[in-house]
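Reviewing the structure listed below.
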Amino acid sequence: MMPKVSDEAVAAYDAVAAGLEAAGVVRGSMFGMPCLKIGKKVVAGMFGDAMTFKLPPETLAKALALEGVEQFDPGMGRPMKEWVKIPLSRSDVWPEYAADALEYVAR
């Protein structure tokens with residue numbers, strides 16, 4: 001079951017999505033969760049009150065050093081190796097990591 005999403009998290013996610021639209025990012029769905037895609041590739045997603053991002057190793061390590069950030073596990077007990085989950089409490093860095101994820105995925 002998907003975690004519940006607060007209005008505050010939706011607003012922060014919408015702001016990130018809007019900021020990436022000019023680069024060709026579109027909204028979609030992956031495993032029933034809202035996500036942002038470039039072409040057919042997923043860049044970021046919303047999981048409960050957190051955003052998830054696909055990042056290269058060096059940026060992933062930087063993100064994991066932030067308080068409350070963890071590798072993204074969609075609930076199958078196996079974290080996705082290139083994915084990080086950043087909580088709403090750190091939504092101040094969501095746009096930065098969204099840009100990094102877009103650059104990485106769009107290569």
Side-chain angles (χ1 to χ4, degrees):
M1 195 170 96
M2 294 300 295
K4 195 165 164 19
V5 182
S6 70
D7 291 344
E8 186 185 353
V10 169
Y13 174 84
D14 285 346
V16 170
L20 296 179
E21 280 168 8
V25 172
V26 296
R27 294 165 189 253
S29 183
M30 172 184 69
F31 310 128
M33 69 182 215
C35 71
L36 302 175
K37 298 177 177 179
I38 184 85
K40 294 190 183 319
K41 297 177 178 178
V42 177
V43 174
M46 186 94 211
F47 191 78
D49 269 3
M51 257 193 98
T52 62
F53 303 94
K54 183 173 185 174
L55 299 170
E58 62 279 8
T59 313
L60 183 75
K62 189 177 103 178
L64 287 169
L66 297 172
E67 189 178 335
V69 175
E70 55 193 40
Q71 275 202 288
F72 176 52
D73 178 352
M76 294 167 246
R78 282 210 345 245
M80 296 169 69
K81 72 175 183 184
E82 295 179 299
W83 286 83
V84 68
K85 183 173 88 173
I86 302 180
L88 179 60
S89 61
R90 292 307 320 258
S91 63
D92 59 309
V93 300
W94 286 2
E96 172 192 341
Y97 284 102
D100 290 341
L102 173 60
E103 187 180 314
Y104 179 55
V105 173
R107 279 185 198 165

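This chain uses plain numbering: 1 for the first residue, then up along the sequence.
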Kindly give the heavy-atom pair with the smallest separation between [X] and [Y], and that separation in Å.
| X | Y | answer |
| --- | --- | --- |
| M33 | G45 | CE-CA, 3.9 Å |
| G39 | K37 | O-CB, 3.9 Å |
| A63 | L55 | CB-CD1, 4.1 Å |

All pairs passing ring-ring contact (aromatic ring centres under 6.0 Å, His included) where residues 66-90 contributes a residue, at least two apart: F47-F72
M80 versus T52: any side-chain heavy-atom pair under 4.5 Å? no
Note, D49 side chain near V5 side chain (heavy atom, < 4.5 Å): yes
Which donor-acceptor pairs under 3.5 Å do side chains of residues 96-107 form with protein atoms, sequence neighbours excluded?
{"from": "E96", "atom 1": "OE2", "to": "K62", "atom 2": "NZ", "distance (Å)": "3.0"}
{"from": "Y104", "atom 1": "OH", "to": "E82", "atom 2": "OE2", "distance (Å)": "2.2"}

Nearest 0.5 angstrom please: [X] [atom1] to [Y] [atom2], how far?
| X | Y | atom1 | atom2 | result |
| --- | --- | --- | --- | --- |
| E70 | I86 | CD | CD1 | 11.0 Å |
| K85 | R90 | NZ | CZ | 15.5 Å |
| S29 | M46 | OG | CE | 13.0 Å |
| Q71 | L60 | CD | CG | 6.0 Å |
| M30 | L36 | CE | CG | 10.0 Å |

Going by atom type alone, with no hydrogens or angles, which donor-acceptor pairs under 3.5 Å involve a side-chain atom of residues 7-17 and a protein atom two or more places apart or on another chain?
{"from": "Y13", "atom 1": "OH", "to": "C35", "atom 2": "N", "distance (Å)": "3.3"}
{"from": "Y13", "atom 1": "OH", "to": "C35", "atom 2": "O", "distance (Å)": "3.3"}
{"from": "D14", "atom 1": "OD1", "to": "R27", "atom 2": "NH1", "distance (Å)": "2.9"}

Atom CD of E67 with >12 non-hydrogen neighbours under 6.0 angstrom: no
Same apolar cluster: L88 and L64, side chain cutoff 4.5 Å: yes
